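Read through the structure below, which is laid out as structure tokens, and then see the notes.
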Amino acid sequence: IADITGYPVFTIEENVEAALGAALLAALGAGLVTQDVAAEGWVTLTQRATPVPEAQRVYERTFGIYKDLYPAMRTGMHNLAAIRASEGPE
């Protein structure tokens, strides 16, 4: 994602996303924290990936080729996907 977008990718350091979100909402609902405190969140962002300029250039070039090919291949690709979907999982 970082290479495609050109932006660093961040995730939260804590490994309890759902539980932490539920606790934050409960604390807000019970009046234990203010909306300002809740808006700050209780997570620590950690950078997980940084864009690699060389890879980003490859994605940019190949996406341009894909965009050129897609109109000619669209119907066939959708037909193949429909066949695959009708067959079910392997």
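For clarity, every value in this text was computed on a predicted model and none was experimentally measured. No hydrogens, no waters, no symmetry mates; every other heavy atom, side chains included, goes into these values.
In the hydrophobic clustering, where aliphatic and aromatic side chains (Ile, Leu, Val, Met, Phe, Trp, Tyr) are joined below 4.5 Å either directly or transitively, Leu32 stands alone. Other members of a hydrophobic cluster containing Leu25 are absent, since no ILVMFWY side chain comes under 4.5 Å of it, directly or through relayed contacts.
Phe10 and Leu20 fall within the same hydrophobic cluster, where Ile, Leu, Val, Met, Phe, Trp and Tyr residues are linked whenever their side-chain heavy atoms come under 4.5 Å apart, directly or through other members.
Between the CG atom of Leu80 and the CZ atom of Arg84 there is a distance of 11.0 Å, given to the nearest 0.5 Å. To the nearest 0.5 Å, the span separating CZ on Phe63 from CG on Asp68 amounts to 10.0 Å.
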Going through the distances and angles, do Leu45 and Ile12 end up as a side-chain contact (heavy atoms from CB on, under 4.5 Å)?
CA-CA 4 Å; Leu45 290 179; Ile12 64 171; 3.9 Å; yes
Taking only distance into account, with no hydrogens and no angle test, what donor-acceptor pairs under 3.5 Å do side-chain atoms of residues 70-78 form with protein atoms, sequence neighbours excluded?
unit_1: Tyr70; atom_1: OH; unit_2: His78; atom_2: NE2; d: 2.9

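Pairs passing the side-chain hydrogen bond (donor to acceptor under 3.5 Å, both in side chains) check and including a residue from residues 45-62, sequence neighbours excluded, read Thr11-Arg48, Glu13-Thr46. Counting only residues at least two apart or in different chains, side-chain hydrogen bond (donor to acceptor under 3.5 Å, both in side chains) contacts with residues 19-41 are absent.
Residues satisfying the side chain to side chain contact (heavy atoms under 4.5 Å, CB included) test with Ala55, not counting sequence neighbours, are Asp3, Val52.
Tyr7 OH: 12 or fewer foreign heavy atoms inside a 6.0 Å radius. Atom CD1 of Ile1 has 12 or fewer heavy atoms from other residues, nucleotides or ligands within 6.0 Å.
In terms of heavy atoms, Pro51 sits closest to Ala2 at CB-O, 3.4 Å.
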